[in-house]
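Quick notes on the structure that follows.
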Amino acid sequence: MWSSAVLSLRLRASCYQGNRRSLATVISGNKTSRLVRERLQQEVEKMRTLFSGFRPGLVVLQVGDRDDSNLYISTKLKAAAEIGIDAKHVRLPKTATQAEVLQSVLSVNANPSVHGLIVQLPLDSVNAMDTELITNAVSPEKDVDGLSCVNAGRLSRGELGGCFLPCTPSGCMELIRQTGVSVAGKHAVVIGRSKIVGAPMHDLLLWNHATVTTCHSKTPDLPAQVGRADVLVVGAGRAEMVRGEWVKEGAVVIDCGINHVPDETKASGKRVVGDVHYASANQRAGFITPVPGGVGPMTVAMLMENTVQSAQRFLLKNRS
Ligand code: NDP
């Protein structure tokens with residue numbers, strides 16, 4: 001005969017199995033970015049009709065010939081063409097001097113048919129380049145990457161409507177919105193403090209009224225910080241660093257990481273993983289982005305969004 005204590009344990013175990021936590025809801029960047037691009041296509045079409053053939057103009061300035069940059073640029077040009085943005089690729093040789101790169105930036109700044117200019121980073125040059133100087137030379141009105149000091153400063157002060165939001169964090173916010181979870185009043189944790197991902201992500205969450213903790217390589221006890229996050233955004237560049245056990249039950253998990261790890265089962269011998277260990281985090285999170293197909297496609301979509309927005313501001317100023 002089983003004792004009542006054993007019976008109670010058996011009952012609890014069977015209840016637990018019956019109620020086993022379901023997996024997180026996957027937030028699809030592929031789907032969300034497609035919706036953004038379709039909306040932008042309609043807005044561009046409207047501009048063309050109302051302003052006799054007007055098209056938003058985008059220039060991607062590249063120095064050198066890095067394979068990864070070539071791939072990113074071709075993705076941006078393809079997305080722009082689909083939307084109806086007039087995108088041009090300006091490529092300077094590896095031997096270009098800093099003065100020549102600055103000259104190119106200034107000449108695009110002065111061209112009224114270009115509404116967005118991005119300098120593809122990293123610069124692939126044989127000469128010394130001050131990347132900060134070059135990104136800051138982009139006119140703030142055309143800085144659709146949102147990387148200049150002017151736009152970053154406006155964002156840090158909460159002037160969200162008066163600046164261009166950096167594309168990756170802006171895409172992350174769009175994905176968070178898709179979950180229906182409001183960040184206001186929540187505890188958000190960002191891992192990473194780079195100018196392109198972590199720092200602007202912190203600002204965006206803060207000015208959308210989350211209480212934000214930003215972690216970096218010197219932060220002690222990362223698992224404890226992660227465990228407090230209702231919303232977790234990771235941009236560390238460390239393959240599968242964040243383990244599922246660290247994640248708060250039900251949290252929104254946004255993974256910006258793009259890391260290549262060896263995988264003998266793939267023809268290429270490698271595969272792409274994020275900064276979050278997806279299989280284990282999926283067991284605890286409420287919502288999670290996949291890698292690939294999560295933040296990546298949103299980055300390109302938000303670049304297009306910024307370019308269309310810049311063209312709309314240009315029209316308001318010059319053609320109304
Ligand atoms: P950076 O290398 O510029 O920054 C990484 C940040 O992570 C730094 O702030 C660093 O801290 C922090 N960090 C590194 N290791 C740890 C650790 N062990 N614990 C806590 N913090 C850590 O990278 P990016 O911000 O440019 O990119 C981050 C990731 O996002 C990369 O995987 C990149 O490929 C990806 N990415 C994806 C994009 C997309 O479109 N999906 C776009 C841009 C980036 P510290 O400051 O102390 O060094």
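The structure displayed is predicted, hence computed values, not measured ones. Just so you know, ligand 1 is whichever comes first in the structure, and atom 1 is the first atom listed for that ligand. The analysis underlying the following values was restricted to heavy atoms, covering all of them including side chains, and did not include hydrogens, waters or symmetry mates.
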key: Pair R37 + E82: basic N to acidic O under 4.0 Å   = yes

query = Is the shortest distance from a Lys or Arg side-chain nitrogen in E305 or R39 to a carboxylate oxygen in the other one below 4.0 Å?
reply = yes

Without placing hydrogens or testing angles, list every side-chain donor-acceptor pair under 3.5 Å for residues 149-160, not counting sequence neighbours.
unit_1	atom_1	unit_2	atom_2	d
N151	OD1	F164	N	3.1
N151	ND2	P140	O	3.3
N151	ND2	D143	OD2	2.8
N151	ND2	S148	OG	3.4
R154	NH1	G162	O	3.3
S156	OG	G153	O	2.8

ask   = Any ring-ring contact (aromatic ring centres under 6.0 Å, His included) pairs touching residues 65-115, not counting sequence neighbours?
value = F54-H115, H115-F314

Only pairs under 3.5 Å count here: list side-chain donor-acceptor contacts from residues 295-303, not counting sequence neighbours, and write none if there are none.
unit_1	atom_1	unit_2	atom_2	d
T299	OG1	T168	OG1	3.1
T299	OG1	V295	O	3.4

ask   = Under a 4.0 Å heavy-atom cut-off, which residues neighbour ligand 1?
value = T168, I191, G192, R193, S194, I196, V197, H216, S217, L222, G235, A236, G237, R238, M241, C256, G257, I258, N259, V295, G296, T299

ask   = Looking at K46 and E43, does any basic side-chain N land under 4.0 Å from a carboxylate oxygen?
value = no

